[in-house]
Novice: 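Below you will find the structure I want to go over with you.
By convention in this document, chain letters (A, B, ...) are assigned in the order of the sequence lines, proteins followed by strands, and residues within each chain are numbered from 1. Bear in mind the structure is a predicted one, so any value in this text is a computation, not a measurement.
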2 protein chains.
Amino acid sequence: MRPTKRDELVQKALQTFYRNGFQATGMDMLVAESGISKTSMYKHFRTKEDLILAVLRLRDEQFRNWLYRRMEEKAGTPQQQLIAMFDALEEWFDEPGYKGCMFIKASSEYQDASHPIHKQSADHKRMLESHITNLAEQAGMENPGALARQLLILKEGAIVTAHMGHTDNPAKDAKAAAIQLVKNHSP
Amino acid sequence: MRPTKRDELVQKALQTFYRNGFQATGMDMLVAESGISKTSMYKHFRTKEDLILAVLRLRDEQFRNWLYRRMEEKAGTPQQQLIAMFDALEEWFDEPGYKGCMFIKASSEYQDASHPIHKQSADHKRMLESHITNLAEQAGMENPGALARQLLILKEGAIVTAHMGHTDNPAKDAKAAAIQLVKNHSP
DNA sequence: TGTTATATGTACCGATCAGTAAATCTAGGC
DNA sequence: GCCTAGATTTACTGATCGGTACATATAACA
């Protein structure tokens with residue numbers, strides 16, 4: 001079991017794909033930036049698409065772990081966690097090198113709904129929806145499913161608005177909206 | 001003044017880019033799908049980037065005209081128009097071949113904020129924000145700028161959620177949220 | 001009839017694309 | 001010391017990329 005090299009490749013590819021895009025990044029660029037030979041890459045992944053799918057799996061794990069932990073650190077109750085999601089997003093948007101959501105970009109570059117990369121991106125969003133719906137249930141909200149979907153629409157909208165860069169602080173705007181929605185869904 | 005051929009090219013390129021993506025569409029594919037020779041294309045546009053910028057200008061004009069007219073047709077008062085935006089979005093999402101927002105995709109494929117394609121995409125969003133803010137002012141809303149930004153975050157979120165396809169009817173969810181936000185901003 | 005602007009087809013450019021072949025190097029297990 | 005497995009470099013494939021050269025065709029206008 002030598003997990004090192006393969007994981008190192010996926011980690012480096014994630015950074016390059018995020019910074020440079022999927023289609024715009026050639027395998028030769030990955031060789032140059034990761035220091036791993038092309039032959040080794042194709043030993044681990046049969047195609048570029050397989051590598052991208054592995055990158056998205058890693059990103060899904062990293063992002064959900066980070067978001068859920070940050071929401072818990074910032075708030076005590078489930079209801080407060082729903083609002084704290086937007087404080088966590090603001091931290092993310094302010095990071096240098098922020099370039100939007102990797103899954104939105106993936107499904108934008110591979111836009112056919114039947115494409116494996118598109119489907120796996122949609123899976124990530126489904127898992128987020130499941131978690132937020134659970135939180136809304138724990139918080140005793142009325143219609144937790146609908147509230148979760150509304151909050152996640154705010155989240156996606158804030159992510160793309162922050163990436164477009166035409167607005168000062170979309171996380172703050174989304175948070176203000178979220179507070180009203182949560183209040184209106186409280187019993 | 002012969003506007004025909006050039007406009008025909010831009011119109012055809014718009015369809016192909018929207019269906020197939022920007023980077024994934026080569027100039028040879030545009031030749032095949034438009035029936036216009038490559039030499040003529042490069043007479044009208046010096047680079048592929050110039051053609052994309054012209055396509056985005058056309059799309060901006062088409063989309064804003066369509067959205068504003070549809071909002072007016074569906075509602076009488078400015079306040080009702082704000083809500084009707086989400087009914088118009090639902091019509092759009094239900095169209096066959098819906099593939100998300102062209103400007104989100106453009107800024108996702110050309111993600112550097114200093115890139116002309118990214119900047120022009122942000123301009124489109126700025127013009128939408130200006131129009132919605134005006135409507136919110138005409139409707140006598142409190143803090144019309146903040147309400148407009150919130151509604152537009154809902155719009156962008158619904159657009160990407162509809163494209164991901166993991167949710168049934170994001171336009172309906174966004175509309176329900178918008179109704180609450182407008183109500184809370186009413187004097 | 002001659003001029004000019006715009007269109008065309010075809011063939012090409014160097015660079016890059018994803019992916020492969022083959023020979024060599026390196027390290028750990030026995 | 002030897003064997004094996006994984007990693008390496010180098011060179012290569014055919015296809016496609018954005019963009020160009022060049023010679024020709026068409027049609028309006030003078």
Novice: For A/Glu95, which residues count as a side chain to side chain contact (heavy atoms under 4.5 Å, CB included) partner, sequence neighbours excluded?
Specialist: A/Trp92

Novice: Tell me every residue that passes side chain to side chain contact (heavy atoms under 4.5 Å, CB included) with B/Asp60, counting only those two or more places apart in sequence or in another chain.
Specialist: B/Arg64, B/Phe103, B/His124, B/Met127

Novice: Send over the distance from B/Met41 CE to C/dT8 C1', rounded to a whole Å.
Specialist: 13 Å

Novice: Sequence neighbours left out, what pairs pass side chain to side chain donor-acceptor pair (under 3.5 Å) with at least one residue falling in residues 131-155 of chain B?
Specialist: A/Asp173-B/Arg149

Novice: Please check the phosphate of C/dT6 (OP1 and OP2 only) for any side-chain N or O of B/His44 closer than 4.0 Å.
Specialist: no

Novice: Once side chain to side chain contact (heavy atoms under 4.5 Å, CB included) is applied, do any residues pair with B/Asn169, and if so which ones, sequence neighbours excluded?
Specialist: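 In terms of side chain to side chain contact (heavy atoms under 4.5 Å, CB included), with neighbours along the sequence ignored, B/Asn169 is linked to B/Glu90, B/Ala171, B/Lys172.
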
Novice: Please tell me which of A/Lys48 and B/Ile36 maps to the more 5' nucleotide of DNA chain C, matching each residue to the nucleotide holding its nearest heavy atom.
Specialist: B/Ile36

Novice: Donor-acceptor pairs are to be reported for all side-chain atoms of residues 178-187 of chain A against protein atoms at under 3.5 Å, with residues two or more places apart or in another chain.
Specialist:
{"residue": "A/Gln180", "atom": "OE1", "partner": "B/Asn184", "partner atom": "ND2", "Å": "2.8"}
{"residue": "A/Asn184", "atom": "ND2", "partner": "B/Gln180", "partner atom": "OE1", "Å": "2.8"}
{"residue": "A/His185", "atom": "ND1", "partner": "A/Leu181", "partner atom": "O", "Å": "2.9"}
{"residue": "A/Ser186", "atom": "OG", "partner": "A/Val182", "partner atom": "O", "Å": "3.0"}

Novice: Is the B/His118 to A/His163 ring centre distance short of 6.0 Å?
Specialist: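 B/His118 vs A/His163: aromatic centres under 6.0 Å.
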
Novice: Under the side chain to side chain donor-acceptor pair (under 3.5 Å) definition, can you give me all pairs with a residue in residues 98-107 of chain B, not counting sequence neighbours?
Specialist: A/Gln111-B/Lys105

Novice: Per the salt bridge (charged side-chain N to carboxylate O under 4.0 Å, His left out) rule, what does the pair list look like for residues 126-135 of chain B, sequence neighbours excluded?
Specialist: B/Asp123-B/Arg126

Novice: With sequence neighbours excluded, give me every side chain to side chain donor-acceptor pair (under 3.5 Å) pair touching residues 17-32 of chain B.
Specialist: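 Passing the test, one end in residues 17-32 of chain B: B/Arg19-B/Glu33, B/Asn20-B/Thr25, B/Asp28-B/Lys38.
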
Novice: Atom pairs under 3.5 Å, N or O on each side, protein against nucleotides 20-28 of chain D: can you list them with distances?
Specialist:
{"residue": "D/dA21", "atom": "N6", "partner": "B/Thr39", "partner atom": "OG1", "Å": "3.4"}

Novice: From CG of A/Leu51 over to P of C/dG19, roughly how many Å is that when rounded to an integer?
Specialist: 10 Å

Novice: For C/dT8 and B/Ser40 - does any side-chain N or O of the residue sit under 4.0 Å from the phosphate oxygens OP1/OP2?
Specialist: yes

Novice: For DNA chain C, determine which residues of residues 14-29 of chain A have any heavy atom closer than 4.0 angstrom to one of its atoms, and list them numerically.
Specialist: A/Thr25, A/Gly26, A/Met27, A/Asp28

Novice: State which residues pass side chain to side chain contact (heavy atoms under 4.5 Å, CB included) with A/Lys12; sequence neighbours excluded, sorted by chain then number.
Specialist: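 If we apply the side chain to side chain contact (heavy atoms under 4.5 Å, CB included) test to A/Lys12, skipping adjacent residues, the hits are A/Gln15, A/Ser34.
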
Novice: Nearest whole Å is fine: how far is C/dA7 P from B/Arg6 CZ?
Specialist: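 Atom-to-atom, B/Arg6 to C/dA7, this comes out as 11 Å.
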
Novice: Please list, in numerical order, the residues of residues 106-119 of chain A that have a heavy atom closer than 4.0 Å to any atom of DNA chain D.
Specialist: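 The stretch gives none, as no residue of it lies under 4.0 Å from the strand.
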
Novice: Any Lys/Arg nitrogen of A/Arg69 or A/Glu72 sitting under 4.0 Å from an Asp/Glu carboxylate oxygen of the other?
Specialist: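 Judged by the 4.0 Å cut-off on N to carboxylate O distance, A/Arg69 and A/Glu72 do not form a salt bridge.
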
Novice: When the distance from CD of B/Glu49 to C1' of D/dG19 is rounded to whole Å, what number comes out?
Specialist: 14 Å

